[in-house]
Amino acid sequence: MAGWTNRGKYLVLQGVFRNAGLPTSFYLALFDSSVAPGADTNVVSDLGQVPAGNGYTSGGISIARNATDFDVLTEDDANDRALVQIKDIAWTASGGNLPGSGAGARYAALTDDNVTVNSRQVVAYFDLVSNRVVSDTQSLTLQNVEMRLTE
Amino acid sequence: MNLVGIARRVDDPTGNDREGFEVVTDELYPAAIEDLKEAVQYGVEPKPGPLLNYYRAALALSDEAWECAVMPKAGMAEDKRRLRATVLEVARLWFTELVHETVDHRPMYLRIRKGSVDWSL
């Protein structure tokens with residue numbers, strides 16, 4: 001399960017048509033299974049972010065608003081949609097398991113860059129299918145995360 | 001099979017110097033499905049990376065899913081349409097990643113044009 005939040009759709013429309021409200025960069029953050037993200041999710045505090053530490057920084061990893069970080073754009077006439085992929089994003093566990101406690105990362109979400117992490121607006125969410133935990137020195141890598149825009 | 005050879009070079013329409021490619025569905029889906037099936041059939045496992053993920057997704061597909069993928073969608077029962085859509089999406093992602101590899105993962109634009117056959121999900 002993956003999708004846009006309604007807040008994310010609003011931000012895109014605001015940015016494209018009003019040239020306002022777009023962040024300098026986005027972030028990809030990890031969340032546990034305590035709350036499943038959905039279309040009505042607004043901000044990071046609506047979800048259960050995995051704890052900081054052991055290689056995970058609160059708020060996640062920064063993703064620049066450029067072609068390097070959003071590296072594949074597809075215009076799909078067959079399905080009347082456009083798609084964008086994010087470059088591979090990796091967290092490497094250091095000093096112990098990542099996440100450092102809890103059952104693991106079940107979801108990832110793309111957020112804006114509000115200086116207050118809990119206030120960051122959630123643009124899109126991705127289901128990692130199961131709780132993910134990696135041991136010290138191992139990496140949790142999200143590859144070709146894709147967002148789809150349809151009517 | 002030279003799957004990526006079916007992608008034609010085009011200019012990035014946004015003028016942002018992405019590596020541009022274009023492919024027609026009538027070529028993309030039959031070729032990508034066949035390429036993926038062959039990889040699975042002959043156990044040609046890619047090295048770790050996105051292609052390995054798509055290969056593993058293809059391994060998990062049932063014979064029925066592969067059969068549905070190349071059948072017309074019109075009149076298909078919903079459960080078979082879902083199977084068909086799963087195969088088409090894995091095939092598209094497989095193809096896209098293979099093309100992206102040819103440009104060393106530089107920023108890329110891909111246009112998938114409609115052909116005469118309905119390959120929509």
Side-chain angles (χ1 to χ4, degrees), chain A residues 1-4 12 15-17 19 22 25-26 28 63-93 105 108 124 126-130 132 134-135 137-151, chain B residues 7 10 12-29 32 46-57 60 73 85 88-121:
Chain A
M1 170 264 295
W4 294 76
V12 166
V16 170
F17 295 108
N19 194 26
L22 287 177
S25 61
F26 291 98
L28 195 64
I63 301 175
R65 284 180 57 218
N66 59 30
T68 299
D69 286 12
F70 290 88
D71 57 355
V72 179
L73 271 175
T74 302
E75 186 178 343
D76 182 357
D77 292 338
N79 293 292
D80 295 335
R81 62 182 181 175
L83 311 107
V84 64
Q85 287 184 1
I86 301 173
K87 69 175 186 181
D88 293 355
I89 301 294
W91 290 268
T92 301
F126 312 93
D127 190 343
L128 307 182
V129 183
S130 62
R132 308 288 178 166
V134 291
S135 53
T137 75
Q138 301 303 303
S139 293
L140 172 60
T141 305
L142 301 186
Q143 297 172 322
N144 288 1
V145 172
E146 188 172 74
M147 298 163 64
R148 301 165 188 174
L149 187 61
T150 61
E151 285 187 61
Chain B
V10 296
D12 177 353
T14 65
N16 285 325
D17 292 329
R18 287 177 182 260
E19 303 283 353
F21 295 91
E22 181 178 280
V23 66
V24 179
T25 54
D26 290 353
E27 294 180 87
L28 164 61
Y29 286 110
K47 63 184 190 297
L51 285 176
L52 181 58
N53 296 336
Y54 305 144
Y55 174 87
R56 287 175 174 164
K73 183 177 73 171
L88 295 187
E89 283 290 72
V90 175
R92 175 186 63 80
L93 289 165
W94 175 260
F95 171 81
T96 303
E97 178 61 21
L98 283 170
V99 174
H100 202 198
E101 280 191 341
T102 68
V103 294
D104 296 322
H105 294 101
R106 288 192 295 276
M108 186 178 100
Y109 161 77
L110 174 64
R111 175 83 180 270
I112 300 175
R113 290 190 174 275
K114 282 185 200 177
S116 59
V117 175
D118 182 7
W119 286 100
S120 65
L121 300 178

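Here is the naming used below: chain letters follow the sequence lines, and residue numbers restart at 1 for every chain.
Closest approach of B:Ser120 and A:Asn79 over heavy atoms only: CA-OD1, 3.3 Å. Contact between B:Arg113 and A:Asp77 at its shortest, heavy atoms only, is CA-OD2, 3.8 Å.
In this structure, chain A has no heavy atom under 4.5 Å from any part of B:Leu28. Contact of B:Arg92 with chain A is made through the side chain alone, with heavy-atom distances under 4.5 Å. For B:Arg18, the part lying under 4.5 angstrom from a heavy atom of chain A is the side chain only.
Contact check for B:Thr96 versus A:Val72: side-chain heavy atoms found under the 4.5 Å cut-off. Here the side chains of B:Leu93 and A:Glu146 are in contact, with some heavy-atom distance below 4.5 Å.
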Test log, rule side-chain contact (heavy atoms from CB on, under 4.5 Å), inputs A:Asp88 and B:His105: CA-CA 10 Å; A:Asp88 293 355; B:His105 294 101; over 6 Å; no
Worked verdict on A:Arg148 versus B:Glu89 for side-chain contact (heavy atoms from CB on, under 4.5 Å): CA-CA 12 Å; A:Arg148 301 165 188 174; B:Glu89 283 290 72; 3.3 Å; yes
Stepwise side-chain contact (heavy atoms from CB on, under 4.5 Å) test for A:Arg81 and B:Leu121: CA-CA 11 Å; A:Arg81 62 182 181 175; B:Leu121 300 178; 3.7 Å; yes
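Note: B:Arg111 CZ to A:Asp76 CG = 10.0 Å, rounded to the nearest 0.5 Å. Distance check, rounded to the nearest 0.5 Å: CG of A:Asp71 to CD of B:Glu19 gives 12.0 Å.
The number of heavy atoms from other shown groups lying within 6.0 Å of CG (B:Asp17) does not exceed 12.
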